[in-house]
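What follows is a short report on a single structure.
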There are 2 protein chains.
Amino acid sequence: MTQTPLSIPLDRASPIPLYFQVAREIERRILDGELAAGTRLENEVVLADRLGLSRPTLRRAIGYLVDRGLLVRRRGVGTQVVRPRVRRPVELSSLYDDLTRAGEEPRTEVLRLVVEEPPPAVAAVLELPEGGRAYTIERLRRIGDGPLALMRNHVPADLVRLDEDALRDHGLYQLLRAAGVRLKVASQSIGARVATAAEARVLEERRGAPLLTMDRTVYDDVGRVVEHGSHLYRASRYSFELTLTG
Amino acid sequence: MTQTPLSIPLDRASPIPLYFQVAREIERRILDGELAAGTRLENEVVLADRLGLSRPTLRRAIGYLVDRGLLVRRRGVGTQVVRPRVRRPVELSSLYDDLTRAGEEPRTEVLRLVVEEPPPAVAAVLELPEGGRAYTIERLRRIGDGPLALMRNHVPADLVRLDEDALRDHGLYQLLRAAGVRLKVASQSIGARVATAAEARVLEERRGAPLLTMDRTVYDDVGRVVEHGSHLYRASRYSFELTLTG
DNA sequence: GAGTGGTCTAGACCACAGC
DNA sequence: CTGTGGTCTAGACCACTCG
């Protein structure tokens, strides 16, 4: 496979770290096809030298791309461009964000929005203090000409102020992030069951139609519970796409 | 929150990198509860000094744990232990591995095992050359007293040699890894539908019972397609548990 | 202003791959 | 053996947070 002398313009006055400028530029060239699959990069010492960087800084750039799966490093061999892939990482994104990114135009119907002392099971998941209050949100997400998902969420009341207008025009995660909440990890469970009569009616399905269920609990960067949701998706119109790395 | 002077024994003769010795030890103390949630670590300069390490090396250890979500670093503030969580990362594991780890005893029935020129759709996904051959594997996974999943997999024939005995006693990924295949990324799609009559019969469900479907394509570290699978799970007995990080 | 993490440098030595 | 990445050091300066 080819070896390519690499030249990257650096802006040392920029607030963007040098290692990131390098990583971003290499990534761009891989995605653009300028650096084809299998291409060998020059060795780290030479490359760092040409770019006018120290080797640790260059290594940091390369390491970043190795972690993201765009490059492979092998001791004694060298660094190569991996066969390019759709590699959307597993992200902490909401259905709304996903749809928007996919060029769809989701519409949201807010069925219920209250602040209340939630039932004990929910309070436990949210780790609310005694008597703590939380939003309960029920929304119907539509896309194109029909419903896609029925969503119930719970958010501790002291984290953010929510209103129906905001929820109609934005994803819940957008609103949380805008309120300064730093979403960090989520654990979720995906299952399936058939629709009850009531669910079928709301989702415009037949009774007994297959539904995907998703329960998710989201934590912020210091481990506080930030949100819990139980969602139902029409299996006929939705599936979860994931990229795993190991 | 408390601040803790940290002392960690290092073995400079060990082949295990110093940064990793440090990271592993801090992780252990967090998981053991010795370092409670909210605990502040000493600042990097002092800590590096006490451990007899350079600051970059110590930072690498901390950075590793930050990436894994066990620590938070904030400029001008310090480094803190995050509220401990179940944080099983999204892993490239097989159903067999998952069950074994959970203490279950999966049994596998090999329904079909052939090497053939697969249908064009499968050949395309596997990126086989013209006339390339692949294993087609159909297995029924049982656990406890009943079936759990019906699995169909395709693996390029030149990657590994598979036989019925091996597949009965091991997960497919185990066998691939043992053959030197380096599983790296997978993209998968999770959906739901109802069982056909034939599927219901094999899975001992009623016709119309909800099933989880999972299609997965796995790539190795240089982007070659290593495996493709289409699986069916009984929703009554199985759900996908994921941990996402953002 | 004092204290913290964020970045960067210019070296060094080692371990492994492949000839 | 030569060439590669893997680790580590001992500093330096900067940017941000908070009292």
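Predicted model, so just to flag it, every value in this text is computed and none were measured. To find a chain, count down the sequence lines: A is the first, B the second, and so on, and within it residues start at 1.
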- Query: In residues 14-28 of chain B, which residues come under 4.0 Å of DNA chain C by heavy atom?
  - Reply: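 Correct list: empty, so none.
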Can you tell me the distance, in whole Å, between the [atom1] atom of [X] and the [atom2] atom of [N]?
{"X": "B:R40", "N": "C:dG5", "atom1": "CZ", "atom2": "C1'", "value": "11 Å"}
{"X": "B:L10", "N": "D:dT7", "atom1": "CG", "atom2": "P", "value": "15 Å"}
{"X": "B:R12", "N": "C:dA15", "atom1": "CZ", "atom2": "P", "value": "14 Å"}
{"X": "A:Y64", "N": "C:dG6", "atom1": "OH", "atom2": "C1'", "value": "16 Å"}
{"X": "A:D49", "N": "C:dT9", "atom1": "CG", "atom2": "P", "value": "12 Å"}
{"X": "A:D11", "N": "C:dC8", "atom1": "CG", "atom2": "P", "value": "12 Å"}
{"X": "A:R59", "N": "D:dC8", "atom1": "CZ", "atom2": "P", "value": "11 Å"}
{"X": "B:Q80", "N": "C:dG5", "atom1": "CD", "atom2": "P", "value": "11 Å"}

Evaluate side chain to side chain donor-acceptor pair (under 3.5 Å) for A:H231 paired with A:N153, printing each intermediate quantity in order.
CA-CA 8 Å; A:H231 301 175; A:N153 294 84; 3.2 Å; yes
Kindly assign one of parallel, tilted or perpendicular to the pair A:F20 and A:Y64, based on the angle between their ring planes and the thresholds 30° and 60°.
->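 Rings of A:F20 and A:Y64: perpendicular, as their planes differ by over 60°.
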Phosphate oxygens OP1/OP2 of [N]: is one of them under 4.0 Å from a side-chain N or O of [X]?
{"X": "A:R74", "N": "C:dC16", "value": "no"}
{"X": "A:N43", "N": "D:dG3", "value": "no"}
{"X": "A:R73", "N": "D:dT4", "value": "no"}
{"X": "B:T79", "N": "C:dT4", "value": "no"}
{"X": "A:T57", "N": "C:dC8", "value": "no"}

Open item on the list: Heavy atoms only, 4.0 Å cut-off, all strands: where does A:R60 land among base, sugar-phosphate and nothing?
Closed with: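 The residue A:R60 makes sugar-phosphate contact but no base contact.
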Short N/O separations, protein against nucleotides 17-19 of chain C, under 3.5 angstrom:
unit_1	atom_1	unit_2	atom_2	d
C:dA17	O4'	A:R75	O	3.4

For nucleotides 10-12 of chain D, which of its nitrogen or oxygen atoms have a protein nitrogen or oxygen under 3.5 Å away, and what is each distance?
unit_1	atom_1	unit_2	atom_2	d
D:dA12	N6	B:R55	NH1	3.3

Taking C-beta and beyond as the side chain, do [X] and [Y] meet within less than 4.5 Å on heavy atoms?
{"X": "B:L70", "Y": "B:I26", "result": "no"}
{"X": "A:L162", "Y": "A:L172", "result": "yes"}
{"X": "B:V82", "Y": "A:Y219", "result": "no"}
{"X": "A:V72", "Y": "A:V77", "result": "no"}

Charged N to carboxylate O under 4.0 angstrom, B:R28 versus B:E25?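 A salt bridge links B:R28 with B:E25.
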Minimum heavy-atom distance B:P156-B:V226, with the two atoms named =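 Nearest heavy atoms, B:P156 then B:V226: CD-O, 3.4 Å.
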One pair to check against side chain to side chain donor-acceptor pair (under 3.5 Å): B:E116 and B:T136. What are the steps and the verdict? CA-CA 7 Å; B:E116 62 183 3; B:T136 294; 2.7 Å; yes
Is atom CZ of B:R161 surrounded by more than 12 heavy atoms (other residues, nucleotides or ligands) closer than 6.0 Å?
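Open: at most 12 neighbouring heavy atoms sit under 6.0 Å from CZ of B:R161.
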Discussion item. Please check if the number of heavy atoms outside B:R29 that lie under 6.0 Å from its CZ is greater than 12.
Written reply: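 Atom CZ in B:R29 is packed in, count exceeds 12.
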Step-by-step side chain to side chain contact (heavy atoms under 4.5 Å, CB included) determination, B:D11 to B:I16: CA-CA 8 Å; B:D11 177 2; B:I16 299 171; over 6 Å; no
